Amino acid sequence: MRTARLPLFVVFLLLPGLALGAPLLSNQLVGHPSPYLALHGEDPVAWQSWNEDALAVARKENRLLFLSVGYFSCHWCHVMQRESYRDQDIASLVNRNYVPVKVDRELEPALDKELMDFAYKTVGRGGWPLNVFVTPEGYPLYAVLYLPPEQFRNLLEQLSQLWEQDGERLSEIARQSGPARFPDPVGDIDETLVATLNSRFVDAALSVVDDLDGGFGVQAKFPHTPQLDYLLAAYDRQPRQDLKDLLTLTLDNMAYRGLVDHLSGGFFRYTVDPGWEVPHFEKMLYTNALLARTYLRSAVILGRPEYSEVARRTLDFMALSMRTPGGGLIAAFSAVDDQGAEGAYYLWTESERADLLSVEEHEVLTAAWSLDRPPEFQTGHHLNHRRSVQDVAADLAIPVERVKRLLAQAMGRLLEARGRRTLPADTKILAGWNGLALSAFTDAARALGDPRYLETAQGIRNYLARVCWDGKRLHRSIARSRALGTASLQDYAYVAAGLLAWAELTGEAEDFRLVRTITTAAWQRFFIGNGWRLTDQTLLATDGLQETIPDGALPSPAAVLSLTTLQLGDLELQRLAARALNRAYDQVSARAFYFPTRILALERLVGLARD
């Protein structure tokens, strides 16, 4: 762990001195409807909510704001809370010198994105917890990620002294990140140029693919569903063996190694190793919604019907474990159990397995999952990299059918025992993520003909249309009859796409009207001056305007909105989509790997891609 260092301008300006005292605030997060924020309700840090009141206090007292962004299922967020935010001395430092604000990134995705962009520009990397010191005017000044307690304490002391001695100069430096403006597009869409983006993306993807284990890169492995979805579409238009090999290798290893929960279904967010074996044990709604759709498409496009079963298990996990009585789906399950142990909910020791299983069941389970090797974690083995029943039968010299029966019995006993464990859940119902889930269950209802998926999709549709949409605007989340967070471009784009998929399945005129209303509102709220803002309710002094929005773990909301707009067939909205897409070709071409959804939208616009 490297010692955190202030920027050079901080070192040069740092003078000895004592921070001025300031009136102490009280913790506002006790009993908060957000499970993540409620976790911090008992911290000695006087956490405030992100609102105008916090900025007003900072301006009145001339104190820096300390914005700490995290989320419920984040492992290192829990570690920093335990080590620093619950340390009385550190909390006193924070309370005395700063206005501390705790932010649930899943309620404020636009704020999280802008602060994360600032972290990448100034620190060179990102992650959570994301801690950003912000001037009273609302300009980000300094970002830091997880720090051990002593380093964090030193940072708090140094920065408070520097702010006291030379706050005006720090404010002047922070103001340099001013608003951006982008020129009008020149000329019509260049169809020839658009046609080159496919090969640029494919070449970029092939240059970073892991030929051994699939996926992209050779360190931690994320699903990268926007990239996989584009490659599927590209292969569907023009089959190539190298693309098929890349896709099947990646999809096989994601589905049959450690990224997936082999007991109850559902994908984890990523693995910390390149071989898809050791997951970071968060289960997110968006991960599973996106991957369910990817596997549904792959089953057809690649001619692999077993991928439909992967999709089914993923959908069944979401419907069984994440659906609420009101029809919406919750956000996530934590990476740590109720005792604070990462992954322990999913892991099994040798003695636990021996106590739960018969001798034969234990023997078959051990052979099937290679559990005779050392465990990956102190708390036990993760079921990972299953061997075929034929290989197990040959090794143990017993019939294949008996192996299947014993293995099913053993897995059933483990699942029953795991049901007696406790795994904290983030029960927020997020509009945008439920829009992704609506698309997944609607696609499944159409492709698989299973009435359970139609029923689940109907419940999600009703929640979005009747609870999250109030007739004028979307709400990011509703909890205890209270709107939480700030609806962003992401919410409008994903909800509109999900409702359009549902409308095309059912043919209901009411749903088509609602899609048009939400899509129109999205363009009016978020497409400003030829650029995109992720929220229309920012409190930061920077406007956060972006000319393009790349794909990340989730598809670019600007590109998704453009695709939905093109499908709707509204000429006025289509002109807006063309204006938004007809720009920044140099950026998209040079960094094609990060813009697959935008490239697909451009291809759809000029007729190169089919619906």
Side-chain angles (χ1 to χ4, degrees), residues 33-34 49-52 104 106-111 285 289 323-331 427-439 441-442 455-528 532-539 557-558 560-574 576-577:
S34 160
S49 298
W50 176 239
N51 53 35
E52 184 59 48
D104 183 338
E106 292 164 359
L107 289 179
E108 302 289 348
L111 174 65
L285 174 59
R323 186 166 52 163
T324 66
L329 275 62
I330 67 171
T427 55
K428 294 191 309 290
I429 302 174
L430 301 173
W433 296 8
N434 272 267
L436 297 175
L438 177 57
S439 294
F441 279 99
T442 300
E455 177 190 358
T456 303
Q458 177 79 68
I460 300 170
R461 178 267 172 206
N462 290 346
Y463 186 87
L464 292 172
R466 299 172 184 174
V467 179
C468 293
W469 176 251
D470 68 4
K472 295 181 179 180
R473 66 185 308 127
L474 271 175
H475 296 291
R476 173 70 172 166
S477 181
I478 304 290
R480 304 177 197 167
S481 301
R482 171 180 165 187
L484 296 179
T486 305
S488 67
L489 171 61
Q490 181 187 102
D491 294 294
Y492 280 77
Y494 298 164
V495 168
L499 288 171
L500 179 58
W502 175 257
E504 290 177 334
L505 178 66
T506 64
E508 292 290 337
E510 177 188 357
D511 289 304
F512 280 108
R513 285 194 296 270
L514 182 56
V515 174
R516 283 189 173 85
T517 299
I518 292 176
T519 302
T520 301
W523 285 103
Q524 292 171 345
R525 290 178 182 276
F526 305 110
F527 188 61
I528 308 296
W532 294 98
R533 58 183 184 184
L534 297 180
T535 176
D536 59 350
Q537 300 178 60
T538 184
L539 294 176
V560 170
L561 182 67
S562 296
L563 282 167
T564 300
T565 300
L566 296 176
Q567 286 179 256
L568 275 175
D570 183 299
L571 291 180
E572 183 176 351
L573 293 180
Q574 283 185 345
L576 282 174

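Given the structure is predicted, the values throughout are model-derived calculations rather than measurements.
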*Can you tell me how far OG1 of T486 sits from CG of L534, rounded to the nearest 0.5 angstrom?*
12.0 Å
*First locate atom CZ of F512, then atom CG of L500, and finally report the distance between them rounded to the nearest 0.5 Å.*
6.5 Å
*asked:* Would the distance check show the side chain of D491 and the main-chain N or O of S488 forming a donor-acceptor pair, the cut-off being under 3.5 Å?
replied: yes
*Check whether any side-chain N or O of R476 sits under 3.5 Å from a backbone N or O of E106 as a donor-acceptor pair, and report yes or no.*
yes
*Got Q490 and W433 here, is their nearest side-chain heavy-atom distance under 4.5 Å?*
yes
*Electrostatic pair E510-R466, nearest N-O below 4.0 angstrom*: no
*Atom of W502, atom of A457 and distance for their closest heavy-atom approach*: CZ3-CB, 3.6 Å
*Aromatic ring pairing W532/F527, orientation class (parallel under 30°, perpendicular over 60°, tilted between)*: tilted
*Do you know which two heavy atoms are closest between P33 and L484, and how far apart they sit?*
CB-CD1, 3.7 Å
*asked:* What I'd like to find out is whether the side chain of L430 reaches to under 4.5 Å of the side chain of L107, using heavy atoms alone.
replied: yes
*Check: T565/W523 side-chain N/O donor and acceptor closer than 3.5 Å*: yes
*Counting distance only, does the side-chain N/O of S477 pair as donor-acceptor with the main-chain N or O of I429 below 3.5 Å?*
yes
*asked:* Looking at every heavy atom in both I518 and A496, which two are closest together, and how far apart are they?
replied: CG2-CB, 4.2 Å
*Can you tell me how far OG1 of T519 sits from CG of L514, rounded to the nearest 0.5 angstrom?*
9.0 Å
*asked:* Assess the residue pair Y492 and R473 against the criterion (side chain to side chain contact (heavy atoms under 4.5 Å, CB included)); give the C-alpha distance rounded to whole Å, side-chain angles, the decisive distance to 0.1 Å, and a yes or no.
replied: CA-CA 9 Å; Y492 280 77; R473 66 185 308 127; 3.4 Å; yes
*asked:* For a quick check under 3.5 Å, do T456 and R323 share a side-chain donor-acceptor pair by atom type?
replied: yes
*When rounded to the nearest 0.5 angstrom, what is the spacing between CZ in R461 and OG1 in T442?*
11.0 Å
*asked:* Test side chain to side chain contact (heavy atoms under 4.5 Å, CB included) on W469 and T517; report intermediate values, then the result.
replied: CA-CA 11 Å; W469 176 251; T517 299; 3.7 Å; yes
*Would you confirm whether N434, through its side chain, and A437, through its main-chain N or O, come within 3.5 Å as a donor-acceptor pair?*
no
_Side-chain heavy-atom pair L576, E572 within 4.5 angstrom cut-off_ = no
*Nearest-0.5 Å distance, CD1 of residue I330 to OG1 of residue T324*: 8.5 Å
*Are there more than 12 heavy atoms of other residues, nucleotides or ligands under 6.0 Å from atom CD of E52?*
yes
*Measure the spacing between CG of D511 and CG of L464 and express it to the nearest 0.5 Å.*
10.5 Å
*Between R533 and R525, is there a donor-acceptor pair closer than 3.5 Å when you use the side chain of the first and the backbone of the second?*
yes
*Decide yes or no for C468 and V495: does some side-chain heavy atom of the first lie under 4.5 Å from some side-chain heavy atom of the second?*
no
*Counting N and O atoms only, with roles assigned by atom type, does the side chain of Q574 sit under 3.5 Å from a partner on the main chain of L566, one being a donor and the other an acceptor?*
yes
